[in-house]
Amino acid sequence: MARLEIDRVSKTFANGFKVLNHITIDVQSGEFLTLLGPSGCGKTTLLKAIAGFHSISTGRFLIDGTEVTDRPPEKRNTSMCFQSYALFPHLTVSENILFGPKQNRIPKEECDERLKTSLRQVDLEAHAHKLPSALSGGQQQRVALARAIAMRPGIILFDEPLSNLDAKLREQVRFELRALQAKHGFTAVYVTHDQAEALAMSDRIVVMNAGHVAQIGTPTDIYDRPATRFVADFIGAANIHRAEVIGRVAPTSWQLRTDVADFKVETDKDLTERSYYICWRPEDAVIVSGSGTGVNTLVASVEAQAFQGNVTDVLLRSEKSAQTYRIQTRKPLPVNSSVTISIAPEKVSVLEAAQ
Ligand code: ATP
């Protein structure tokens, strides 16, 4: 395990495009940290820069307190596990796993021990002598993982390693990967654009947008308390409203006015601006009886719905304004019927100020 400090890292490509902008992240030893963001936001560039495959324009990387910014990849105590497995097709599973340790001139006895342990850890002992072409996609992915583990690095850098697997296998490998990390104790920096994967696997998530860090936090922080409109919108579904501040009603309680209703919200923030964006999650709406004129109560008609099995997604249109928003219910609601919903103040997040 190793600690990784990413300290004010920026990168501009030769064509002038600034892909990373002042990124600072302190990755704790043994942590599973995920870089999550839309395509093109700079995740892979940052991962490759940590590995030493890309140079950076400013800033530095420290591993266990030692600066490694100018070291070549093999001298950084990191190992990379790629999306496309990148296995050598003409080498067997064992030879693929041993490739790195042999290049690093690890003595034969230790190589044998590392091979045995990593094959066992990824449950591939029976396939040691096969060529990659004789394995399934999931098995090839596990060879790639075993190969990274056999290097015994302090940090493993994962570049969308599960994206070539089908949905079911992906879920299974997620659990295996976390279990393996707990057992082996490496620090993981994991790149994905799949929010479900990030929420399920990470100790902390770094949400990136256009080369910036938009928010760093635990999966529950990020989901329950998104900091910006971008994060609220990118992770899960969110109903976002522009809201004017009416006033403070208690030390951590404020009242705000939107086009669809007045909202009471619980927040530690000092709301010094005139207006903010606020958001709430579809599953936090509770259907109530009556016509509902109080705060945090919205009256709407059912516009459309989609049955999802365990829940039904419902699109509502506000009776006060033409705005639409989404809720989730256990029971389907008839289209065109009128419904009153309520959202608890602690379920409403205050995002950034509206300009
Ligand atoms: P994805 O999920 O699609 O892989 P990403 O967040 O990992 O996206 P990067 O691969 O880091 O994104 O690329 C970030 C941006 O940098 C993209 O817009 C890409 O086109 C651009 N880019 C990558 N390499 C270069 C380069 N050598 N010169 C100029 N721009 C580049």
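Order of listing sets the numbers, starting from 1, for every ligand and every atom in it. Residues take their numbers from the sequence shown, with the count starting at 1.
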I'd like to know whether Thr78 forms a side chain to side chain contact (heavy atoms under 4.5 Å, CB included) with Phe61, so could you lay out the CA-CA distance, the side-chain angles of the two residues, the decisive distance to 0.1 Å, and finally the verdict. CA-CA 12 Å; Thr78 58; Phe61 295 113; over 6 Å; no
Sub-4.0 Å heavy-atom contact, Gly37 with ligand 1: no
Does ligand 1 have an atom that lies less than 4.0 angstrom from a heavy atom of Gly211? no
What is the nearest protein non-hydrogen atom to [atom], stated with its residue, atom name and distance?
atom	answer
atom 7 (O) of ligand 1	Thr44 OG1, 2.6 Å
atom 3 (O) of ligand 1	Ser39 OG, 2.5 Å
atom 2 (O) of ligand 1	Lys43 NZ, 3.0 Å
atom 16 (O) of ligand 1	Phe17 CE2, 3.3 Å

Atom indices of ligand 1, in the order listed, that fall short of 4.0 Å to a heavy atom of [X]:
X	result
Thr45	9 (P), 11 (O), 13 (O)
Gly42	5 (P), 6 (O), 11 (O), 12 (O), 14 (C)
Glu160	2 (O)

Quick one: does [X] get an N or O within less than 3.5 Å of an N or O on ligand 1?
X	value
His193	no
Gly40	yes
Val19	no
Phe13	no

Does only the side chain of [X] get under 4.0 Å from ligand 1, or the backbone, or both, or neither? Count heavy atoms.
X	answer
Met208	neither
Asn15	side chain
Pro38	backbone

If the plane angle is over 60° it's perpendicular, under 30° parallel, otherwise tilted; pick one for Phe13 and His54. perpendicular
Pair [X], [Y]: side-chain N/O donor-acceptor within cut-off below 3.5 Å:
X	Y	value
Ser94	Thr92	no
Glu303	Thr324	no
Glu74	Asn104	no
Gln139	Arg142	no

Count the heavy atoms of every other residue, nucleotide or ligand shown that sit under 6.0 Å from NE2 of His90, and state whether that count exceeds 12. yes
Kindly state if atom 25 (C) of ligand 1 has a protein heavy atom within a strict 4.0 Å cut-off, that is, under 4.0 Å? yes
Is any heavy atom of the protein nearer than 4.0 Å to atom 12 (O) of ligand 1? yes
Are Leu91 and Leu135 in one and the same hydrophobic cluster, where Ile, Leu, Val, Met, Phe, Trp and Tyr link if side-chain heavy atoms are under 4.5 Å apart? no
Test of understanding: clusters of I, L, V, M, F, W, Y form through side-chain heavy atoms closer than 4.5 Å, transitively. Do Leu351 and Ile278 belong to the same one? no
State whether the side chain of Gln328 and the backbone N or O of Val311 hold a donor-acceptor pair below 3.5 Å, judged by distance alone. no
Would Arg281 count as a cation-pi partner of Tyr223, with NZ or CZ less than 6.0 Å from the six-membered ring centre and within 45° of the ring normal? yes
